[in-house]
Colleague: 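Structure in structure tokens, see below.
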Amino acid sequence: MFFPLLYILYIPADTFLGHCLIVSISASLLKNVTLFFFSDSYKHKDKYKEKEHKHKDHKKDKEREKSKHGNSDYRDSSDKKHKEKEKIKHKDGSTDKYKDKHKRKEEKSLDGKIKKEKENGFASPPYDIKSKKTKNKKGEVTDGKKKAKKEPEEKWKWWEEERYTDGVKWKFLEHKGPVFAPPYDPLPSNVKFYYDGKPMKLSPEAEEVATFFAKMLDHEYTTKDIFRKNFFKDWRKEMTSEEKAIITDLKKCNFSDMSEYFKAQSEARKAMTKEDKQVIKKKKKLQWSYEENERILQEYGFCIMDNHRERIANFRIEPPGLFRGRGDHPKMGMLKRRIRPQDIIINCSKDSKHPEPPPGTKWKEVRHDNKVTWLVSWTENIQGSIKYIMLNPSSRIKGEKDWQKYETARRLKKCVDRIRNQYREDWKSKEMRIRQRAVALYFIDKLALRAGNEKEEGETADTVGCCSVRVEHIKLYPESDGQEYVVEFDFLGKDSIRYYNKVPVEKRVFKNLQLFMENKEPDDDLFDRLNTSILNKHLQELMDGLTAKVFRTYNASITLQQQLKQLTNSEDNVPAKILSYNRANRAVAILCNHQRAPPKTFEKSMQNLQTKIDAKRDQLSDAKRELKSAKADAKMRKDEKSKKAVESKKKAVQRIEEQLMKLEVQATDREENKQIALGTSKLNYLDPRISVAWCKKFGIPIEKIYNKTQREKFAWAIDMADEDFEF
DNA sequence: AGGCACACTTAGTAAACGAACC
DNA sequence: GGTTCGTTTACTAAGTGTGCCT
């Protein structure tokens, strides 16, 4: 019911994930066999074969069991690689020899124990401060396409260098500060606001806030009571006393004139950019918005961190507007105020050129804290939380952390059996708190639930995770659909995405749950003796660096690896293999409950595709007929020419068959993906080295799996993983 | 233990882009 | 050349988890 689906099925990821995920791939991948997702009740009885995954200890892994960073995996090979390169070219004048020596040392070192002296600044390819250019500036940023070939050799391989320890994140940091939202541009006088049917000129402050509402008029947000109430309250704060006296009822406000104006404006802008594009093509001269945008990007979109020019993720300050919370958010509609220079804290190194605040203004503070990664921060007024400007995922600082995350998950792989045995023992504990902890951990492991921190009531939407699940969120069925001990989950998780699952559990778990629910009200916590901090403290004792979220990473990645192993058929052609990949990815997305709203044009686009398929079918039968007659013809005439004709017709048939299959695969893939989002798991949960290894093993170009941005983010993995990589 | 501040990762959606198509 | 449609990128909300203080 959650996912109406086609095809596919499910296999056990492992004994634990078994019920959740399973794909049984029919050999007849393309035969329109319709299978189903039972996402709401992963109930295909355990008809899957119990496959346990072998935890073969990899030689490679062994060595670093202890290393917290554990990132020396590929150290050997990359070292070798690196050395070779050194011989060939050493254009960047970096401290490679130095590096190599130290690297070896690091291999044995425990993270954080040995202070390494990375002389930042000597890494390859360094940023030339004087000329303000990086070698690859153009290639990276402006027109990547044409110079794509040049790029690779220019890219900085931070993963071949030392890491900082002791919490130091950088030694040198210089940037230009944030880009502020453009100032409010008042409406032309012909665009009117009406109150109670009468035109009314608003003060600029009140008018600006009114435009925020007008711009959202088409959105259903503006029909919601809470949204309207919050908006109106905050709007009135911006009004002059005269305005306040007049405007007392939101219902009497008419924003439609304003709304129309903005619609027209955005239309005009669209048309405009198109024209611009043409102009650009013709004159080879960039214009206005493009050029301006590019200029701002070049100036503000990068920083220099330790002698490398790195891309910033979000260098524009969030513009003012109305807060759009997700789900049933008590604060939706509140005014998100404009951020000014005096709200901004700048973080950079002492010896850098500090960013200048706009003329006539001052920063709130300039600090030099190299134990954090952010460049700019401010406090937002809705929740009072801090917002940051940080680096792009392709940056060294983000990449290292990402890599480290997967290494932690791989360490969990080595001790997950022990931990599972442990929590199963704990189900029997005399102590309630321990049993609760053990059951919660079981859910986190088996169902990939999030930890579930407590939230302040009334401040945010009512959503829960594992530790904060309430009695009302689960139902117990001693028997259901022929299975014993079934638990039904139904709650709103992160982003108010519904989690619905009906799953059989072990008897002990079931009995414990019954006990936990005894004498409780629906809105009581299921695990009243547990919270995330207790749980994480316990996990920390089980394994260094272990927290609840590591289980999600681990289970996601191990599932991908297993699914790929099972689904990939080396005989398949490239599109079919990619379908297999997407299915493996999909299994993970379902496990992690990554959903999306079905695209608005979904039905139509499916239809279009079907039309194409039909057309292709017709084309195929035509081609076959032609082939037949050509054959007959050749049989009669027996001359060279007619033989050739047969050959070419044969080829045509083949080609069309291939095209048809490709289309069918596409259709299947799309249908299965209707409301499942693959991106989140791909970007955040799946060790990219698994995908890279798979691509290498089956000769799939990496571009088919990762787009440009993703390749940038995962450059480290693409560079270091070979086809034998094992998670 | 509990509360809070802070830093950083993970998340879905909307806007922008660009390739395929007419 | 203009339009359509799928993909990519931008945006920013909503989580997790740590460390400090009481």
Side-chain angles (χ1 to χ4, degrees), chain A residues 145 167 169 216 219 266 269-271 273-275 277-278 281 289-290 293 297 301 313-319 321 323-327 329 331-332 336 345 347 369 371-374 377 379-380 382-393 397-398 401-402 405 450-456 459-461 463-468 492-497 529 531-537 539-540 545-550 552-553 556 589 592-597 599-602 604-605 608-609 612 666 670 673 675-677 679-685 706-710 712:
Chain A
K145 262 185 237 160
K169 304 290 169 56
M216 296 176 74
H219 205 289
S266 79
R269 205 160 35 99
K270 252 185 234 161
T273 23
K274 269 177 203 156
E275 253 168 56
K277 272 183 198 159
Q278 289 161 25
K281 267 184 195 159
S289 65
Y290 267 132
N293 242 334
L297 173 67
N314 56 325
F315 54 91
R316 288 173 207 274
I317 299 255
E318 298 172 17
F323 177 74
R324 307 153 78 116
R326 315 249 170 94
H329 197 117
K331 298 193 171 185
M332 64 169 79
K336 197 167 95 166
I345 301 174
N347 193 33
D369 181 357
K371 300 280 173 63
V372 297
T373 67
W374 53 268
S377 77
T379 302
E380 153 265 1
I382 304 287
Q383 324 265 4
S385 63
I386 307 168
K387 300 262 188 163
Y388 303 94
I389 290 182
M390 292 183 186
L391 297 193
N392 200 63
I397 214 155
K398 293 291 184 188
K401 198 82 184 296
D402 204 37
K405 172 182 76 187
R450 294 190 186 83
N453 283 315
E454 295 104 301
K455 304 172 73 185
E456 232 176 305
E459 295 291 298
T460 59
T463 62
V464 299
C466 186
C467 293
S468 52
L492 298 182
K494 182 176 180 179
D495 294 314
S496 293
I497 297 291
R529 311 282 175 88
N531 61 38
T532 52
S533 130
I534 295 171
L535 179 65
N536 280 333
K537 246 169 227 153
L539 292 175
Q540 188 58 233
L546 187 61
T547 63
K549 83 201 257 298
V550 178
R552 253 168 99 81
T553 310
C592 295
N593 200 224
H594 291 142
Q595 301 188 32
R596 62 166 183 175
K600 288 191 180 71
T601 54
F602 186 82
K604 200 167 102 197
S605 99
N608 288 348
L609 201 50
K612 273 193 199 170
Q666 206 185 344
R670 193 177 297 177
N673 233 18
Q675 45 194 172
I676 298 170
T680 305
S681 48
K682 204 179 208 175
L683 236 45
N684 300 301
Y685 289 102
Y706 291 135
N707 68 30
K708 181 158 164 276
T709 318
Q710 295 165 158
E712 278 165 13

Colleague: How is A:A313 classified with respect to the nucleic acid when contacts are heavy atoms under 4.0 Å: base, sugar-phosphate, or nothing?
Modeller: nothing
Colleague: Closest nucleotide of DNA chain B for A:C592 versus for A:E456: which of these residues is on the 5' side?
Modeller: A:E456
Colleague: Within the pair A:K405 and B:dT10, is there a side-chain N or O less than 4.0 Å away from OP1 or OP2?
Modeller: yes
Colleague: Tell me whether the OP1 or OP2 atom of C:dC11 has a side-chain N or O from A:N314 closer than 4.0 Å.
Modeller: no
Colleague: How close do A:R552 and A:C592 get, heavy atom to heavy atom, and via which atoms?
Modeller: NH2-O, 3.4 Å
Colleague: When the nearest nucleotide of DNA chain B is assigned to A:A597 and to A:N684 on a heavy-atom basis, which residue is associated with the more 5' position?
Modeller: A:N684
Colleague: Any side-chain N or O of A:Y685 under 4.0 Å from OP1/OP2 of B:dA11?
Modeller: yes
Colleague: Go through C:dC11, B:dA7, B:dT9 for me and flag the one nearest to the A:R316 side chain.
Modeller: C:dC11
Colleague: Base, sugar-phosphate, or nothing: which does A:P319 touch, judged by heavy atoms less than 4.0 Å apart?
Modeller: sugar-phosphate
Colleague: In whole angstrom, what separates A:F602's CZ from C:dG6's C1'?
Modeller: 13 Å
Colleague: Should A:K169 be listed as having a side-chain N or O under 4.0 Å from OP1 or OP2 of B:dC8?
Modeller: yes
Colleague: Quick one: what's the B/S/- string for nucleotides 13-22 of chain C, heavy-atom cutoff under 4.0 Å, read 5' to 3'?
Modeller: SBSBBS----
Colleague: Take the protein atom CZ of A:R670 and the nucleotide atom P of C:dC5, then report the distance between them rounded to whole Å.
Modeller: 11 Å
Colleague: Can you tell me how far CD of A:Q383 sits from CZ of A:F323, rounded to the nearest 0.5 angstrom?
Modeller: 5.0 Å
Colleague: What residues form a salt bridge (charged side-chain N to carboxylate O under 4.0 Å, His left out) with A:K682, not counting sequence neighbours?
Modeller: none
Colleague: Locate the shortest heavy-atom distance separating A:A548 from A:L535; write the atom from each residue and the value.
Modeller: CB-CD2, 4.3 Å
Colleague: Are A:S468 and A:E454 close enough that a side-chain donor and a side-chain acceptor fall under 3.5 Å?
Modeller: no
Colleague: Looking at A:N531 and A:N453, would you say the former's side chain and the latter's main chain have a donor-acceptor pair under 3.5 Å?
Modeller: no
Colleague: May I ask you to say what A:K331 touches in the nucleic acid, namely base, sugar-phosphate or nothing, with a heavy-atom cut-off under 4.0 Å?
Modeller: nothing
Colleague: Could you state the atom-to-atom distance from NZ of A:K600 to P of B:dG12 in whole Å?
Modeller: 16 Å
Colleague: Across the strands shown, which category fits A:Y388 at heavy-atom distances under 4.0 angstrom: base, sugar-phosphate, nothing?
Modeller: base
Colleague: Can you measure A:R596 atom CZ to C:dT8 atom C1' for me and round it to whole angstrom units?
Modeller: 14 Å
Colleague: Base, sugar-phosphate or nothing for A:D402? Non-hydrogen atoms, less than 4.0 Å.
Modeller: nothing
Colleague: To the nearest angstrom, how far is A:L609 atom CG from B:dC21 atom P?
Modeller: 11 Å
Colleague: Can a side chain N or O of A:R552 be found less than 4.0 Å away from OP1 or OP2 on B:dT10?
Modeller: no
Colleague: Look at A:T373 and B:dA7 and indicate whether a side-chain polar atom (N or O) is within less than 4.0 Å of OP1 or OP2.
Modeller: no
Colleague: What is the separation between atom CH2 on A:W374 and atom P on B:dA7, rounded to the nearest whole Å?
Modeller: 6 Å
Colleague: Quick check: closest heavy atoms across A:P319 and A:K336, and the distance to 0.1 Å?
Modeller: O-CE, 3.6 Å
Colleague: Just how far, in rounded Å, is P of B:dC6 from CD1 of A:I386?
Modeller: 4 Å
Colleague: Do A:F315 and A:L297 have side chains that approach each other closer than 4.5 Å (heavy atoms only, starting at C-beta)?
Modeller: yes
Colleague: Is the phosphate of C:dC5 approached by A:S605 (side-chain N or O, under 4.0 Å from OP1 or OP2)?
Modeller: no
Colleague: Which angle, to the nearest 10 degrees, lies between the helix axes at the two ends of the helix from B:dA1-C:dT22 to B:dC22-C:dG1, each defined by five pairs?
Modeller: 10°
Colleague: Counting side-chain heavy atoms from CB outward, which of B:dC21, B:dC8, B:dG12 is closest to A:I497?
Modeller: B:dG12
Colleague: Heavy atoms only: give me the nearest A:E459-A:H329 pair and the separation to one decimal.
Modeller: O-NE2, 3.2 Å
Colleague: Which heavy atom of A:N347 sits nearest a heavy atom of A:D369, and at what distance?
Modeller: OD1-N, 2.8 Å
Colleague: State, with a plain yes or no, whether a side-chain heavy atom of A:Q710 is found less than 4.5 Å away from one of A:L683.
Modeller: yes
Colleague: Between atom CD1 in A:I676 and atom C1' in B:dG12, what is the gap in whole Å?
Modeller: 15 Å
Colleague: Do any side-chain nitrogens or oxygens of A:H219 fall under 4.0 Å of OP1 or OP2 in B:dA14?
Modeller: yes
